[in-house]
Asker: 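What follows is a structure written as structure tokens; I'll ask about it next.
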2 protein chains.
Amino acid sequence: MALDHAILVSLLERPGSGYELARRFERSIGHFWTATHQQIYRVLGRMVADGLLLVREVEQQGRPDKKEYSVTASGRTVLAAWLHKPIEPESLRHDLAVKIRGAAFDDPAALIQEVERHHRAHRDRLAHYLAGEERDFTGPEAPAPPTPGQELQHVVLRGGIAYERMTIAWLDDVLATLHRLATPPGPGS
Amino acid sequence: MALDHAILVSLLERPGSGYELARRFERSIGHFWTATHQQIYRVLGRMVADGLLLVREVEQQGRPDKKEYSVTASGRTVLAAWLHKPIEPESLRHDLAVKIRGAAFDDPAALIQEVERHHRAHRDRLAHYLAGEERDFTGPEAPAPPTPGQELQHVVLRGGIAYERMTIAWLDDVLATLHRLATPPGPGS
DNA sequence: CTTGCCTATGCAACGAGTTGCATACGAGGA
DNA sequence: TCCTCGTATGCAACTCGTTGCATAGGCAAG
């Protein structure tokens, strides 16, 4: 059900089409939520049927027409109700951690390349987040007195940055451990 | 599909019943994966049908009988194949981040209690992880030369600890931001 | 002019995951 | 005696999420 709320927040920040939402979910919102376009289109249809969203056909030049969605008063009410309802602290689902524990029953050294791949991916994401932070919040182009909405977006982005930094440091730890296990105990020991 | 592999790893570390697996998934394995008992029972049945697991009826005294599952050679092969196949770096699904951005369209101060609740939950989890680390890895009771399997379990646990520490620090940041937004700009400004 | 790419939307089928309910045994307390 | 709690397993119904496929317009390169 939380995809509904993520869509409401994103459309309140700026109305847009399903396609645009899908791209946002790959970028800034994807920092903390993911969704494919098929899922988004389906949920958008249901939310319109439920009266949470409005659709407006928008003709475009040089590209296909689009449907722009915006939040109704009813949608704001639903979002507010969710905001006031406590949620459970979420737990991780970390495939890589399963693999690492599974490596005990296979060759730990075979995992090194995989972990390095993840390490690179997280370094890339961190660089991407930092560039976004510079552009939108800390750089010279940033709005001098940020609005509450911008402050909140910034603190969420700082969370993404902290997550990537932590993950990179942990993957360093994992790599060191895998190398230690791959190298048999030295003769000087 | 990854629940299958998490179950294989857990049963290789120690054979057990569906009920025991469900409790492990609430504890150590739950650090990086979650599953309800219904889901586990269903998957166990399918994996037995596929020849990945063996069942053994075990009579117990003072409590109902149980079915103990263990991994077959075929199960080990399937796990090894998965270990050698690259996976995508996973992305977060953080409900609380959606709420924080959503607070821009509601009362940011109303979120403070919710964030404090999560803060407490993560501090509790951190304490729980640290106790487990002391007990199993760094304390005087820990095995002097750890096996590769224990080293790998430890590095995964260190990941959980790093995640909780990072999250707690971030929630401090979030709380400071929410308090700043809740307090109107002071007269001395 | 065909091929591929980007924008834009959507269906159908399947698999993953959640929620509610049901059963059954044994132990302990009201 | 009945009620509740912990152990132990499972069905049924539903929603969530993924994968594969299909359509369609415009643009640019070969």
Side-chain angles (χ1 to χ4, degrees), chain A residues 1-8 11 15-27 29-30 32-50 53 55-69 82 87-88 90-95 98, chain B residues 1-8 11 15-27 29-30 32-50 52-53 55-69 82 85 87-88 90-95 98:
Chain A
M1 277 302 183
L3 176 58
D4 303 39
H5 306 116
I7 286 176
L8 286 172
L11 289 178
S17 69
Y19 188 82
E20 285 163 352
L21 277 174
R23 287 198 306 177
R24 290 187 214 169
F25 275 67
E26 282 172 8
R27 295 155 177 267
I29 303 186
F32 54 81
W33 205 265
T34 53
T36 58
H37 74 272
Q38 292 87 343
Q39 203 189 339
I40 289 168
Y41 284 124
R42 202 188 329 169
V43 172
L44 283 174
R46 198 192 65 220
M47 291 172 78
V48 169
D50 291 350
L53 300 181
V55 209
R56 192 169 63 92
E57 291 268 349
V58 177
E59 291 180 24
Q60 299 186 113
Q61 55 221 44
R63 45 176 74 178
D65 297 354
K66 67 172 182 179
K67 297 183 181 177
E68 194 180 79
Y69 294 85
W82 178 70
I87 52 175
E88 286 304 299
E90 56 285 309
S91 25
L92 288 177
R93 294 219 164 169
H94 213 303
D95 295 66
V98 179
Chain B
M1 278 297 181
L3 176 57
D4 303 39
H5 305 115
I7 286 176
L8 287 173
L11 289 179
S17 68
Y19 188 82
E20 284 163 352
L21 278 174
R23 286 198 307 177
R24 289 188 214 170
F25 275 69
E26 282 172 7
R27 294 156 177 267
I29 304 187
F32 54 80
W33 206 267
T34 52
T36 58
H37 74 270
Q38 292 88 343
Q39 204 188 337
I40 289 168
Y41 284 124
R42 200 186 332 169
V43 172
L44 284 174
R46 198 192 64 220
M47 290 172 79
V48 170
D50 291 350
L52 309 184
L53 299 181
V55 209
R56 192 170 63 92
E57 292 269 348
V58 177
E59 291 181 21
Q60 299 186 115
Q61 53 220 46
R63 45 175 75 177
D65 296 353
K66 67 173 181 178
K67 297 183 182 175
E68 194 181 76
Y69 293 87
W82 178 68
K85 202 180 63 183
I87 53 175
E88 286 304 301
E90 56 285 310
S91 24
L92 288 176
R93 294 220 164 168
H94 214 304
D95 296 67
V98 179

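Computed over heavy atoms, backbone and side chain alike; hydrogens, waters and symmetry mates excluded.
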Asker: Atom CD1 of B:I40 and atom CE of B:M47: how far apart are they, to the nearest 0.5 Å?
Answerer: 11.0 Å
Asker: In whole Å, what is the span from the CD1 atom of A:I40 to the C1' atom of C:dG10?
Answerer: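 Atom-to-atom, A:I40 to C:dG10, this comes out as 13 Å.
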Asker: Would you say that B:E90 contacts A:R93 through its side chain, given a criterion of any heavy-atom pair below 4.5 Å between the two side chains?
Answerer: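 B:E90 vs A:R93: side chains apart.
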Asker: Tell me the closest heavy-atom pair linking B:L8 and B:L53, and the distance in Å.
Answerer: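 That closest heavy-atom pairing would be CD2-CD2, 3.9 Å.
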Asker: Output the rounded distance in Å from NZ (A:K67) to C1' (D:dG25).
Answerer: 16 Å
Asker: Measure the shortest side-chain to side-chain distance between B:D4 and B:W82 over non-hydrogen atoms and say whether it is less than 4.5 angstrom.
Answerer: no
Asker: Does a side-chain N or O from B:Y41 land closer than 4.0 Å to OP1 or OP2 of D:dT9, or not?
Answerer: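 So the side chain of B:Y41 is within the cut-off, an N or O lying under 4.0 Å from OP1 or OP2 of D:dT9.
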Asker: How far apart are the closest heavy atoms of A:S17 and A:K66, and which atoms are they?
Answerer: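 The pair with the smallest heavy-atom distance is CB-CD, 4.0 Å.
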Asker: Report the distance from atom CG of B:L21 to atom C1' of D:dT7, rounded to the nearest whole Å.
Answerer: 15 Å
Asker: Would you mind reporting whether B:V55 and B:L44 have side-chain heavy atoms less than 4.5 Å apart?
Answerer: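 They are not in side-chain contact.
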Asker: D:dC16, OP1 or OP2 - any side-chain N/O from A:R46 closer than 4.0 Å?
Answerer: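 For D:dC16, OP1/OP2 do have a side-chain N/O of A:R46 under 4.0 Å.
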Asker: Whole angstrom is fine here: how far is it from CG in B:L3 over to P in D:dG17?
Answerer: 17 Å
Asker: Can you tell me the distance, in whole Å, between the CG atom of B:L44 and the P atom of D:dT9?
Answerer: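 It works out to 9 Å between those atoms.
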Asker: Provide a list of protein-nucleic acid N or O atom pairs under 3.5 angstrom, restricted to nucleotides 18-20 of chain D.
Answerer:
{"residue": "D:dT18", "atom": "OP2", "partner": "A:Q39", "partner atom": "OE1", "Å": "3.3"}
{"residue": "D:dT18", "atom": "O4", "partner": "A:R42", "partner atom": "NH2", "Å": "2.5"}
{"residue": "D:dG20", "atom": "O6", "partner": "A:Q38", "partner atom": "NE2", "Å": "3.4"}

Asker: So which heavy atom on A:A35 is nearest to which on A:L3, and how close?
Answerer: CB-CD1, 3.9 Å
Asker: Of all the heavy-atom pairs spanning A:W33 and B:H94, show the shortest one and how long it is.
Answerer: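 The pair with the smallest heavy-atom distance is CE3-N, 3.8 Å.
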Asker: Return the polar atom pairs (N/O with N/O) between nucleotides 3-7 of chain C and the protein under 3.5 Å, or none.
Answerer:
{"residue": "C:dT7", "atom": "OP1", "partner": "A:R23", "partner atom": "NH1", "Å": "3.3"}
{"residue": "C:dT7", "atom": "OP2", "partner": "A:Y19", "partner atom": "OH", "Å": "3.0"}
{"residue": "C:dT7", "atom": "O5'", "partner": "A:Y19", "partner atom": "OH", "Å": "3.4"}

Asker: Figure out the CZ/P separation between A:R56 and C:dA8, and round it to whole Å.
Answerer: 14 Å
Asker: Identify the two heavy atoms, one from B:Y41 and one from B:G18, that lie closest to each other, and give their separation to 0.1 Å.
Answerer: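 What the structure gives for the nearest pair is CE2-CA, 3.8 Å.
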Asker: Rounded to the nearest angstrom, tell me the gap between atom NZ in B:K66 and atom P in C:dT23.
Answerer: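 Distance, rounded to whole Å: 25 Å.
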Asker: So do the side chains of B:H5 and A:D95 get within less than 4.5 Å of each other, counting heavy atoms only?
Answerer: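 No; the side chains remain at least 4.5 Å from each other.
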Asker: Reckon A:S17 has a side-chain N or O less than 4.0 Å from the OP1 or OP2 of C:dT9?
Answerer: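 Checking C:dT9 against A:S17, a side-chain N or O does come within under 4.0 Å of OP1 or OP2.
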Asker: Starting at the 5' end of DNA chain D, which residue's closest nucleotide do you reach first, A:G62 or A:D4?
Answerer: A:D4
Asker: Between C1' on C:dA8 and CD on A:E59, what's the gap in Å once rounded to a whole number?
Answerer: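 After rounding, the reported distance stands at 14 Å.
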Asker: Enter the distance from A:R42:CZ to A:R46:CZ here, rounded to the nearest 0.5 Å.
Answerer: 9.0 Å
Asker: So for the helix from C:dC1-D:dG30 to C:dA30-D:dT1, with five pairs setting each end axis, what is the inter-axis angle to 10°?
Answerer: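 End-to-end axis angle: 10°.
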Asker: For a quick test of reading the model, state the closest non-hydrogen atom pair linking A:H37 to A:A22 and the distance between them.
Answerer: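 Looking at all heavy atoms of both residues, the closest pair is CB-CB, 3.9 Å.
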